[in-house]
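Whatever order the structure lists them in is the order used to number ligands and atoms, beginning at 1. One is the number of the first residue; the rest follow in order along the sequence.
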Amino acid sequence: MTDLATGPVFTDDYWADPYGTLSRLREIAPVREVDLPDGGSTWLVTRYADVRAAFVDPRLAKDFRSTMPPEQRPAEPLIPGPAGHMLLLNDPPVHTRLRKLVVSTFTVRRIAALRPAIEQIATTLLDRAEQAGEIDLVNDYAVPLPMQVICELLGVPLDDRDAFALWSRTMIDDTSSQEEKHQAQASLTGYLSELVAAKRDAPDEALISALIRASEDGDALSHDEIVAMGMILLIAGHETTSNLVTNSVHAILRDDALRARVVGAESLTPVVEEFLRWTSPVANAPLRFATEDIDMDGVTIPRGAVVTLSVAAANRDPERFDAPELHDADRDLTGHVAFGHGIHFCLGASLARLEGEVALTALFGRFPHLAPAVPLDEIVYRHSMLIHALAALPVRLSP
Ligand code: HEM
């Protein structure tokens, strides 16, 4: 066993059971620099109180330029093209302005109105699944569902949805080459750019048209900013929600009491909220940079360092949640950090909750005896720092 105070963290032990490693780290080295699996390093923060505080610490920035002395900062974003305008890459005041404009379009009413479309998407996917009898829950249900919901939200025409899905899948697929990812991102950016232009000529009720119309105090989003918003919604809203669904189903397959709680339940709201805490679909918040030396738990994170807030570790910290390894939908869940905290708090949180509820209700309402199609110990996690995701989950729909 490696020495977690100083040795490597992302070992086979971590990928087999991230929570065991995170729990030991939280005790012996709650703030430490770790080598990343793909090279480079980051400071990993694992205690709930530290993670909550760090989420609202203005000394932790999203834009690397903020770590440089003002006179050395380049004026242009470090990432060229529309992508540089994405919410998660920007700090105030740029982020504040973008967020204000997009929030005005992301209304409770718009999200609630998506429910029938989400139910329809779930039903169509399950009709197809029923004919097959056995499916990979990841690729045949949990991934296409949020993908189609985002198309619906943005107003992507039906004919374009397959191409849209393929590009976005390639961009995040562990098995795609860098070249393939690059190509897919370029195709997607080009497509979104044309779509925004088309919506200017022929507006509809969907989100892109609303983003075009959005204005605050005479200010409006530029063409590239709207393209960037489409990209971030797609990236942030897709694999995240699919992991919520897959990880929840995986847990239900292993626990009869949980299944009993889900099958036939009138409302899955508290169950899904606890799944968010318990499975942390976004295991680590996307990176931040220290703009000055930061003291945390007796350690100094140096200026310019990359900092990663471990959502998974914080959400299972016994200092905040009693018996954190137990799924308990009746516990006090306030303050879990599955959706982050502070100015970058997940914009799609209510949509994700709705999708999670609809996906699980539809699945277990129709297939209450859903069973694993392979021994459960053959189910493995993907080696992703960012998301807590199963590679595949083969299931049989009926006994
Ligand atoms: C931000 C988690 C679904 C859109 C975030 C953050 C987390 C998160 C942890 C904060 C990142 C940080 O502070 O570095 C999740 C989880 C989801 C989910 C667990 C599903 C279970 C969605 C959906 C959408 C979405 C469905 C939209 C369609 C966003 C956006 C941001 C964000 C735009 C950036 C907000 C900003 O920078 O101001 N999400 N998310 N997310 N999420 Fe989600």
Should Arg382 and Glu239 count as an ion pair when the cut-off is N to O under 4.0 Å?
yes

Heavy atoms only: which of [options] is nearest to [atom]?
atom: atom 35 (C) of ligand 1; options: Arg353, Met86, Arg99; value: Arg99
atom: atom 19 (C) of ligand 1; options: Ser242, Ala338, Cys346, Ala283; value: Ala338
atom: atom 23 (C) of ligand 1; options: Pro286, Ser350, Gly237, Ala349; value: Gly237
atom: atom 13 (O) of ligand 1; options: His341, Arg288, Met231, Lys62; value: Arg288

(message) Can you classify the ring geometry of His336 versus Phe339 as parallel (below 30°), tilted (30 to 60°) or perpendicular (above 60°)?
(response)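 Rings of His336 and Phe339: tilted, 30 to 60°.
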
In terms of the angle between their ring planes, are His341 and Phe55 parallel, tilted or perpendicular, with boundaries placed at 30° and 60°?
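His341 and Phe55: perpendicular rings.
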
Give me the nearest non-hydrogen protein atom to [atom] as residue plus atom name, then the distance to 0.1 Å.
atom: atom 31 (C) of ligand 1; value: Leu347 N, 4.0 Å
atom: atom 29 (C) of ligand 1; value: Ala236 CB, 3.5 Å
atom: atom 37 (O) of ligand 1; value: His344 ND1, 2.7 Å
atom: atom 15 (C) of ligand 1; value: Phe339 CD2, 3.6 Å
atom: atom 3 (C) of ligand 1; value: Thr240 OG1, 3.4 Å

Could you tell me which atoms of ligand 1, counted from 1 in the order shown, lie closer than 4.0 angstrom to a heavy atom of [X]?
X: Val282; answer: 2 (C), 15 (C), 19 (C)
X: Leu88; answer: 11 (C), 12 (C), 14 (O), 34 (C), 37 (O)
X: Leu276; answer: 21 (C)
X: Ala352; answer: 3 (C), 20 (C), 21 (C)
X: Gly348; answer: 4 (C), 23 (C), 24 (C), 25 (C), 26 (C), 27 (C)

**Q.** Any Ile343 heavy atom less than 4.0 Å from ligand 1
**A.**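 Contact check Ile343 vs ligand 1: positive.
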
Taking a cutoff of less than 4.0 Å between a non-hydrogen atom of the residue and any ligand atom, is Val311 in contact with ligand 1?
no

Answer yes if the side chains of [X] and [Y] hold a donor-acceptor pair under 3.5 Å, and no otherwise.
X: Thr269; Y: Glu273; value: no
X: Ser66; Y: Asp91; value: yes
X: Asp3; Y: Thr6; value: yes
X: Glu180; Y: Thr170; value: no
X: Thr300; Y: Asp295; value: yes
X: Thr334; Y: Asp332; value: yes

(Q) Do Lys62 and Pro286 make a side-chain contact, defined as non-hydrogen atoms from C-beta onward lying under 4.5 Å apart? (A) yes

